[in-house]
Protein chains: 2
Amino acid sequence: MKTQLVIFEDNENLRKSLVVLLNSSEEYQVVGDFPNVLKAGNQVKDLDPDMIILDIDMPGKDGISVIPEIKESKPEISIVMYTQFEDEDKIFRSLCAGADGYILKKTSPMVLFQALEEVRKGGAPLSPAIAKKVLASFHQKANNALKYNLTPREIEVLKLLIKGYSIKYIAAELFIAYDTCKAHLKNIYTKLHVNCGKEAIAKVLAERIIFD
Amino acid sequence: MKTQLVIFEDNENLRKSLVVLLNSSEEYQVVGDFPNVLKAGNQVKDLDPDMIILDIDMPGKDGISVIPEIKESKPEISIVMYTQFEDEDKIFRSLCAGADGYILKKTSPMVLFQALEEVRKGGAPLSPAIAKKVLASFHQKANNALKYNLTPREIEVLKLLIKGYSIKYIAAELFIAYDTCKAHLKNIYTKLHVNCGKEAIAKVLAERIIFD
DNA sequence: TTTACAATCCCCTATAAGGGGGGGATGGAC
DNA sequence: GTCCATCCCCCCCTTATAGGGGATTGTAAA
């Protein structure tokens with residue numbers, strides 16, 4: 001039973017080459033190839049492939065935009081992005097939409113085939129440069145607590161604040177008076193350059209300043 | 001100029017084998033190997049390696065816990081986790097702390113060497129199973145807005161709320177009355193099962209329900 | 001057509017939170 | 001010793017927010 005593929009790629013030469021190469025293998029069979037994703041939803045539904053190779057920059061409609069539609073109709077389908085773009089916006093939009101892999105065209109086509117193999121085995125192939133960006137998104141800013149000169153006590157208060165707790169509750173949790181807690185928060189807001197608790201929570205969580 | 005390595009691994013046989021194998025290569029030189037991370041900070045500072053192979057489960061102290069210390073003293077150092085654990089908690093704690101790669105021991109040792117190569121070239125090696133979990137952490141984000149049955153307008157309001165904006169400001173931004181905005185927020189709070197804006201921000205950002 | 005609901009606006013009240021003071025105790029740095 | 005930072009506590013006052021009520025449109029489904 002060959003793995004059935006559909007390819008969306010607007011470069012005719014590249015697409016046809018992929019079709020020929022993949023069809024010559026024992027493992028893969030290209031059941032459809034298209035230069036755009038304007039009718040991707042129906043095409044995928046009709047052809048019912050196991051895997052999709054998806055370019056991003058195509059005439060008419062962005063490749064990323066069809067991912068949700070496809071994943072919704074058949075969640076177990078594997079979508080491998082195959083593109084020249086390595087800007088974070090496109091990467092994260094693709095991955096969030098549900099892409100299972102992200103391979104850059106600038107790497108050798110060999111890598112694409114290895115990636116397909118990896119997907120077949122249940123992995124998630126990412127080009128090294130992509131993996132690096134993905135990992136970087138996890139790295140929390142090193143010791144931002146120091147950066148803002150927060151005292152240990154202020155950090156304790158802040159940690160509870162970003163859980164959404166009320167001032168009253170935070171005070172109780174730390175066994176200090178309500179007003180003391182407010183005083184700490186006042187100092188925290190000053191140091192973080194924000195004006196209220198909501199801003200503080202937003203800033204801390206968005207920048208991943210504290211995270212344990 | 002060989003790439004200088006330090007290895008933290010409590011399994012004597014495994015560690016010594018890695019030392020021998022890596023030292024036999026042209027590219028690597030193991031400048032230190034230790035069965036625990038109790039003095040990792042100083043050891044790394046003294047030996048000043050380019051790369052670190054780091055186990056997680058070691059006697060005395062968790063491997064993950066020394067990552068921040070190491071990264072702080074030398075941010076450009078590459079840390080590759082080499083462990084048997086594939087539970088999400090350890091993975092994400094490692095990556096958040098600053099790990100540059102995460103390789104499972106159950107894969108062949110060959111893979112570790114490939115991973116080191118990849119790091120040398122500026123990549124970020126992840127075992128397929130790990131990469132899949134990392135990608136999965138991006139995927140869930142998509143449908144969460146739907147999960148809570150938020151209307152498009154409510155999502156708009158929520159997006160502004162999680163930036164830390166005041167109700168007044170949000171209302172102005174959306175060209176609606178203050179009370180309308182409050183009404184939306186009331187519905188949002190109900191749907192998210194929270195009692196106030198701070199809780200809502202905390203919940204949304206912590207669960208990555210919305211993020212564009 | 002009736003029902004349902006999203007989106008809009010308004011009123012009122014109680015509580016939570018922010019902003020401004022001041023003061024006292026500790027412990028380390030100079 | 002003095003100085004300073006930290007941490008803790010208390011007061012007052014204003015604003016922001018939450019929670020409750022109700023009402024009107026338009027739209028879309030039943």
Problem set entry | Phosphate OP1/OP2 of dC9(C): any Tyr178(B) side-chain N/O under 4.0 Å | no
Problem set entry | Rounded distance (Å) that lies between atom P of dC8(D) and atom CD1 of Ile176(A) | 6 Å
Problem set entry | Interatomic distance where NE2 belongs to His184(B) and C1' belongs to dC10(C) [whole Å] | 14 Å
Problem set entry | Lys198(A) side-chain N/O to dT17(D) phosphate OP1/OP2 under 4.0 Å | yes
Seminar exercise, completed: Ala183(A) has its side chain closest, among dC9(D), dT8(C), dC7(D), to dC9(D)
Exercise. Which listed nucleotide (dT8(C), dC8(D), dA18(D)) is nearest to the side chain of Lys182(B)?
Worked result: dA18(D)
Exercise. Taking CG from Asn195(B) and P from dA18(D), how many angstroms apart are they, rounded to a whole number?
Worked result: 10 Å
Seminar exercise, completed: Regarding the side chain of Lys186(A), the nearest nucleotide among dC7(D), dT8(C), dG20(C) is dG20(C)
Problem set entry | Whole-Å gap separating P (dC9(D)) and CD1 (Ile170(A)) | 15 Å
Exercise. Backbone N or O of Tyr165(B) within a donor-acceptor pair of the Lys198(A) side chain at under 3.5 Å?
Worked result: yes
Exercise. In whole angstroms, how far is the P atom of dA7(C) from the CG atom of Leu150(B)?
Worked result: 10 Å
For this session: Let me know the distance between CD1 of Ile188(B) and P of dA7(C), rounded to the nearest Å.
Result: 10 Å
For this session: Rounded to the nearest angstrom, tell me the gap between atom NZ in Lys191(B) and atom C1' in dA7(C).
Result: 11 Å
Exercise. What nucleotide among dT17(D), dC9(D), dA16(D) has an atom nearest to a side-chain atom of Ile167(B)?
Worked result: dT17(D)
Problem set entry | Interatomic distance, Leu185(A) CG vs dG20(C) P [rounded to whole Å] | 15 Å
Exercise. Nearest to the side chain of Ala177(A) - dC9(D), dA7(C), dG19(D)?
Worked result: dC9(D)
Seminar exercise, completed: Picking from dA6(C), dG18(C), dC10(C), the nucleotide nearest the side-chain atoms of Asp179(B) would be dC10(C)
Exercise. Cation-pi between Arg120(B) and Tyr28(B): NZ/CZ under 6.0 Å from ring centre and within 45° of the ring axis?
Worked result: yes
For this session: Before giving the answer on salt bridge (Lys or Arg N to Asp or Glu O under 4.0 Å), spell out for Glu9(A) and Lys105(A) the whole-Å C-alpha distance, their side-chain angles and the decisive distance to 0.1 Å.
Result: CA-CA 12 Å; Glu9(A) 164 63 61; Lys105(A) 284 181 180 172; 2.8 Å; yes
Exercise. Any chance NZ of Lys74(B) has more than 12 other-residue heavy atoms, nucleotides or ligands included, within less than 6.0 Å?
Worked result: yes
Problem set entry | Whether Ser127(A) side chain and Ile130(A) backbone form a donor-acceptor pair below 3.5 Å | no
Exercise. Among the nucleotides dC9(D), dG21(D), dA16(C), which one has an atom lying closest to any side-chain atom of Thr180(A)?
Worked result: dC9(D)
